[in-house]
Amino acid sequence: QVHLVESGGGLVQPGGSLRLACAASTNIFSVSAMGWYRQAPGRQRELVAVFSSVGGTNYADSVKGRFTISNDNAKNTVYLQMNNLKPEDTAVYYCYAEWPAPDRPLAYWGQGTQVTVSS
């Protein structure tokens, strides 16, 4: 079983920055996809920034130019640098990782970390 643990969330003023981290309990070198989703109250969970072994990196249009995903394989960690935060970014942010498997991809989610952008 793979565990994903997010950290770095909190309360920040509009225009501020946060860096989220997702630490995996195993190596992430062989993931087929990994990154971040978010879910705001009353809304569906949406992709924020995810990289895949085939498709490269995808960002939601709403965060392009403001958020950057990166990884440190030695630390089994993926980061999300969030700059120029807006109130609309307020949500629970979830780490996601997927490994290939013979029958179907193995997908894992973190427990989420709250990001609140407010004056």
Side-chain angles (χ1 to χ4, degrees):
Q1 187 177 16
V2 175
H3 298 279
L4 305 174
V5 180
E6 302 98 332
S7 62
L11 175 64
V12 65
Q13 294 184 339
S17 298
L18 287 172
R19 189 178 76 157
L20 306 183
C22 172
S25 61
T26 189
N27 80 81
I28 61 172
F29 179 78
S30 60
V31 298
S32 54
M34 191 168 184
W36 298 89
Y37 289 71
R38 68 186 181 188
Q39 187 167 20
R43 299 194 64 185
Q44 296 291 112
R45 188 170 299 185
E46 65 176 347
L47 181 149
V48 177
V50 175
F51 68 81
S52 68
S53 59
V54 177
T57 304
N58 294 320
Y59 291 92
D61 288 341
S62 60
V63 308
K64 287 180 179 178
R66 300 188 298 120
F67 291 11
T68 303
I69 188 172
S70 62
N71 66 283
D72 186 339
N73 288 341
K75 296 182 178 180
N76 298 327
T77 300
V78 169
Y79 302 94
L80 184 68
Q81 179 66 46
M82 305 186 294
N83 297 325
N84 192 24
L85 283 160
K86 304 176 180 180
E88 309 92 88
D89 297 317
T90 296
V92 177
Y93 284 70
Y94 296 91
C95 182
Y96 170 85
E98 180 180 290
W99 279 263
D103 53 345
R104 64 182 185 276
L106 298 176
Y108 300 91
W109 293 91
Q111 83 289 344
T113 185
Q114 177 71 47
V115 172
T116 302
V117 185
S118 179
S119 299

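Bear in mind that the values here come from a model prediction, so they are computed numbers and not experimental data.
- For residues 14-27, there are no salt bridge (Lys or Arg N to Asp or Glu O under 4.0 Å) pairs, not counting sequence neighbours.
- Under a hydrophobic clustering in which Ile, Leu, Val, Met, Phe, Trp and Tyr are joined whenever their side-chain heavy atoms come within less than 4.5 Å, directly or via other members, Phe51 and Leu106 fall into the same cluster.
- Listed by first and then second residue, the salt bridge (Lys or Arg N to Asp or Glu O under 4.0 Å) pairs that reach into residues 28-38 are Arg38-Glu46, Arg38-Asp89, sequence neighbours excluded.
- Ser7 meets the side-chain hydrogen bond (donor to acceptor under 3.5 Å, both in side chains) test with no other residue; sequence neighbours excluded.
- The CG atom of Leu80 sits 8.5 Å away from atom OG of Ser70, with the distance rounded to the nearest 0.5 Å.
- Applying the disulfide bond (SG atoms under 2.5 Å apart) test to residues at least two apart or on different chains, none of the pairs has a partner in residues 28-70.
- The two atoms that bring Leu20 and Gly9 nearest to each other are CD2-N, 3.5 Å, heavy atoms only.
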Inset, instruction - Given side chain to side chain contact (heavy atoms under 4.5 Å, CB included), test Tyr79 with Thr68 step by step and report yes or no. - result: CA-CA 8 Å; Tyr79 302 94; Thr68 303; over 6 Å; no

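- Applying the salt bridge (Lys or Arg N to Asp or Glu O under 4.0 Å) test to residues at least two apart or on different chains, none of the pairs has a partner in residues 103-119.
- Side-chain atoms of Glu6 come within 3.5 Å of backbone N or O of Gln111 as a donor-acceptor pair.
- Listed by chain and residue number, nothing satisfies the side-chain hydrogen bond (donor to acceptor under 3.5 Å, both in side chains) test with Glu88 (two or more places apart in sequence, or in another chain).
- Here Ser119 pairs with Pro14 under the side chain to side chain contact (heavy atoms under 4.5 Å, CB included) rule; sequence neighbours left out.
- With sequence neighbours excluded, the residues forming a side-chain hydrogen bond (donor to acceptor under 3.5 Å, both in side chains) with Asn73 are Asn71, listed by chain and number.
- Contacts of Asp61 classified as side-chain hydrogen bond (donor to acceptor under 3.5 Å, both in side chains), with partners at least two apart in sequence or in another chain: Lys64.
- In this structure, Tyr94 belongs to a hydrophobic cluster whose other members, linked by side-chain heavy atoms under 4.5 Å apart, are Tyr37, Leu47, Val50, Val92, Tyr96, Trp109.
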For residues 26-36, please give each side-chain donor-acceptor pair under 3.5 Å, one per line with the distance, not counting sequence neighbours.
unit_1 : atom_1 : unit_2 : atom_2 : d
Asn27  : OD1    : Phe29  : N      : 3.2
Ser30  : OG     : Trp99  : NE1    : 3.4
Ser32  : OG     : Glu98  : O      : 3.0
Ser32  : OG     : Glu98  : OE2    : 3.4

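- The salt bridge (Lys or Arg N to Asp or Glu O under 4.0 Å) contacts involving residues 106-119 comprise nothing, where partners must be two or more places apart or lie in separate chains.
- Of all non-hydrogen atoms in Cys95 and Leu4, the two that sit nearest each other are O-CD1, 3.9 Å.
- A pairwise comparison of heavy atoms in Leu85 and Arg66 identifies CA-NH1, 3.9 Å as the closest pair.
- Using a 4.5 Å cut-off on side-chain heavy atoms (C-beta onward), Ile69 and Phe67 make no contact.
- Taking every heavy atom of both residues into account, Ala21 and Thr77 meet most closely at CB-CG2, 4.1 Å.
- A donor-acceptor pair under 3.5 Å is absent between the side-chain atoms of Thr116 and the main chain of Thr90, judged by distance alone.
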